[in-house]
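Note that this is a predicted model, so its numbers are computed, not measured.
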Amino acid sequence: VKDPHGLAARAAVPRHDFVPEALHSSAYDDHPLPIGSGQTISQPYIVALMTELLEIGPEDRVLEIGTGSGYQAAILSHLAAEVYSVERRPELAEQARSVLSRRHHHNVQVICGDGTLGLPEHAPYDAIVVTAGGPKIPHVLLEQLAIGGRLLCPVGDRHAQRLIKMVRTEDGYRELPGIDCVFVPLVGEEGWPDAGV
């Protein structure tokens, strides 16, 4: 991870603000932490890597699927013009809205809904990041990418995935090789069913 803009954005967002108070002493350890509702905040390295792979520009509109704590959205807000983040769990969406507002990330909108369907009313997006692992990349998300847009999505089974990067071209989509990773399951109409999660 070398991009100076991404590193500066990460340095501007204190991770301890996005984890439960009891975990503040572990907030900067390089591993995921529980944030409630069976969800986690991703390890700092993965957040930094995904931020860099998205190649965000200052005029970009970004869609995040899986708000969680709001930490990734806060970092993206330092790089992009607009960030839309979809969270399926109302309690996490409300917590994220609260901390993002308190920290003055006013270019982030948190929407409660099924992120596997994207957010077509604000499409197209220059970048889409999915922060949960699904059995496939939801096709509706690919359709919401702008030409030249980048999408990151962990794809695999419920316990291990590969981080896939797709770039939309004039003629279709180009897939770039990714790394092995482990994310919480992507639940929704175009992801895993809710049962067993």
Colleague: Rounded to the nearest 0.5 Å, how far apart are CG of L53 and CG of L49?
Modeller: 4.5 Å

Colleague: Are any non-hydrogen side-chain atoms of P14 and R103 less than 4.5 angstrom apart?
Modeller: yes

Colleague: What's the separation between atom OH in Y71 and atom CG in D17, rounded to the nearest 0.5 Å?
Modeller: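 Between atom OH of Y71 and atom CG of D17 there are 10.5 Å.
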
Colleague: Please assess V86 against L63 for the test side chain to side chain contact (heavy atoms under 4.5 Å, CB included), listing each intermediate value before the final yes or no.
Modeller: CA-CA 8 Å; V86 184; L63 175 64; 4.0 Å; yes

Colleague: If two hydrophobic side chains count as joined below 4.5 Å and joins carry through other members, does F18 share a cluster with V129?
Modeller: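 As far as the 4.5 Å side-chain criterion goes, V129 and F18 are connected within one cluster.
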
Colleague: Do the side chain of H24 and the main chain of H16 share a donor and acceptor less than 3.5 angstrom apart?
Modeller: yes

Colleague: Are the side chains of R174 and K165 in contact, using a 4.5 Å heavy-atom criterion?
Modeller: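 K165 vs R174: side chains apart.
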
Colleague: Can you tell me if N107 uses its side chain to pair, donor with acceptor, with the backbone of S77 under 3.5 Å?
Modeller: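 Yes, because the side chain of N107 sits within donor-acceptor range (under 3.5 Å) of the backbone of S77.
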
Colleague: When you group the ILVMFWY residues by side-chain heavy-atom contacts below 4.5 Å and let the links chain together, are L100 and I56 in the same group?
Modeller: yes

Colleague: Tell me whether the rings of H139 and Y173 are parallel (<30°), tilted (30 to 60°) or perpendicular (>60°).
Modeller: perpendicular

Colleague: Looking at T67 and G70, would you say the former's side chain and the latter's main chain have a donor-acceptor pair under 3.5 Å?
Modeller: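 No, the answer is negative, given that no donor and acceptor are paired below the 3.5 Å cut-off.
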
Colleague: Can you tell me how far CZ of R10 sits from OH of Y45, rounded to the nearest 0.5 angstrom?
Modeller: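 Those atoms lie 10.5 Å apart.
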
Colleague: Kindly compute the distance separating CD1 (I46) from CD1 (I41), expressed to the nearest 0.5 Å.
Modeller: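 Reported to 0.5 Å precision, the distance equals 13.0 Å.
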
Colleague: For the residue pair L186 and P138, what are the closest heavy atoms and their distance?
Modeller: CD2-CG, 4.2 Å

Colleague: Around E121, counting heavy atoms of other residues, nucleotides and ligands shown, do more than 12 lie under 6.0 Å from its CD?
Modeller: yes

Colleague: Determine whether a donor-acceptor pair (N or O, by modelled atom type, separation under 3.5 Å) exists between the side chain of T131 and the backbone of I65.
Modeller: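 Judged by distance alone, yes, a pair lies under 3.5 Å.
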
Colleague: Do I147 and E170 pass the side chain to side chain contact (heavy atoms under 4.5 Å, CB included) test, and can you show the C-alpha distance, the side-chain angles, and the key distance before you say yes or no?
Modeller: CA-CA 6 Å; I147 301 299; E170 295 282 356; 3.8 Å; yes

Colleague: Mark yes or no for whether Q144, through its side chain, and L117, through its backbone, hold a donor-acceptor pair below 3.5 Å.
Modeller: yes

Colleague: Between E91 and S37, what is the shortest heavy-atom contact and its length?
Modeller: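 Heavy-atom minimum between the residues: OE2-OG, 2.5 Å.
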
Colleague: Kindly say whether R15 contributes a backbone atom to a donor-acceptor pair with the side chain of Y28 at under 3.5 angstrom?
Modeller: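 Such a contact is found between Y28 side chain and R15 backbone.
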
Colleague: Any chance you could measure E52, atom CD, to H5, atom NE2, to the nearest 0.5 Å?
Modeller: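 Between atom CD of E52 and atom NE2 of H5 there are 11.0 Å.
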
Colleague: Would you mind reporting whether C112 and E87 have side-chain heavy atoms less than 4.5 Å apart?
Modeller: no

Colleague: Any chance CZ of R162 has more than 12 other-residue heavy atoms, nucleotides or ligands included, within less than 6.0 Å?
Modeller: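 Counting other residues, nucleotides and ligands, CZ of R162 exceeds 12 neighbours.
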
Colleague: Can you tell me how far NE2 of H122 sits from CD of Q109, rounded to the nearest 0.5 angstrom?
Modeller: 5.5 Å

Colleague: With clusters defined by side-chain heavy atoms of hydrophobic residues (ILVMFWY) lying less than 4.5 Å apart, directly or transitively, does V187 cluster with V182?
Modeller: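 V182 does not cluster with V187.
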
Colleague: For H31 and P44, work out which heavy atoms get closest and say how close.
Modeller: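 Minimum heavy-atom separation between H31 and P44: N-CD, 3.9 Å.
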
Colleague: Between the side chain of D126 and the main-chain N/O of R61, is any donor-acceptor distance below 3.5 Å?
Modeller: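 Present.
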
Colleague: Could you go through the side chain to side chain donor-acceptor pair (under 3.5 Å) check for Q39 and S69 one step at a time?
Modeller: CA-CA 9 Å; Q39 304 300 296; S69 68; over 6 Å; no

Colleague: Can you tell me if CD on E189 sees more than 12 non-hydrogen neighbours from other groups inside 6.0 Å?
Modeller: no

Colleague: Using every non-hydrogen atom in the two residues, find where D3 and G6 come nearest and quote the distance to one decimal.
Modeller: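 That closest heavy-atom pairing would be OD2-N, 2.8 Å.
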
Colleague: Indicate the atoms forming the closest heavy-atom contact of A27 with V19, along with that distance.
Modeller: CB-CG2, 4.0 Å

Colleague: Which pair of heavy atoms, one from V13 and one from A74, lies closest together, and at what distance?
Modeller: CG1-CB, 3.8 Å

Colleague: If hydrophobic clusters are built by linking Ile, Leu, Val, Met, Phe, Trp and Tyr wherever their side-chain heavy atoms come under 4.5 Å apart, do L7 and L76 end up in the same one?
Modeller: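 Result: yes, single cluster for both.
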
Colleague: Quick one: does W192's side chain have a donor or acceptor within less than 3.5 Å of a partner on G133's backbone?
Modeller: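 Side chain of W192 to backbone of G133: a pair is present.
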
Colleague: Please check if the number of heavy atoms outside H159 that lie under 6.0 Å from its NE2 is greater than 12.
Modeller: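 12 or below, so no.
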
Colleague: Would the distance check show the side chain of R150 and the main-chain N or O of L54 forming a donor-acceptor pair, the cut-off being under 3.5 Å?
Modeller: yes

Colleague: Any donor and acceptor pair, going by atom type alone, linking the side chain of S42 with main-chain N or O of V47 inside 3.5 Å?
Modeller: no

Colleague: Say whether L152 and I137 are linked into one hydrophobic cluster, either directly or through other cluster members, by side-chain heavy-atom distances under 4.5 angstrom.
Modeller: no

Colleague: For the residue pair L119 and Y125, establish whether any side-chain heavy-atom pair is separated by less than 4.5 Å.
Modeller: yes

Colleague: Evaluate the side-chain proximity of S26 to L33: yes if any heavy-atom separation is below 4.5 Å, no if none is.
Modeller: yes

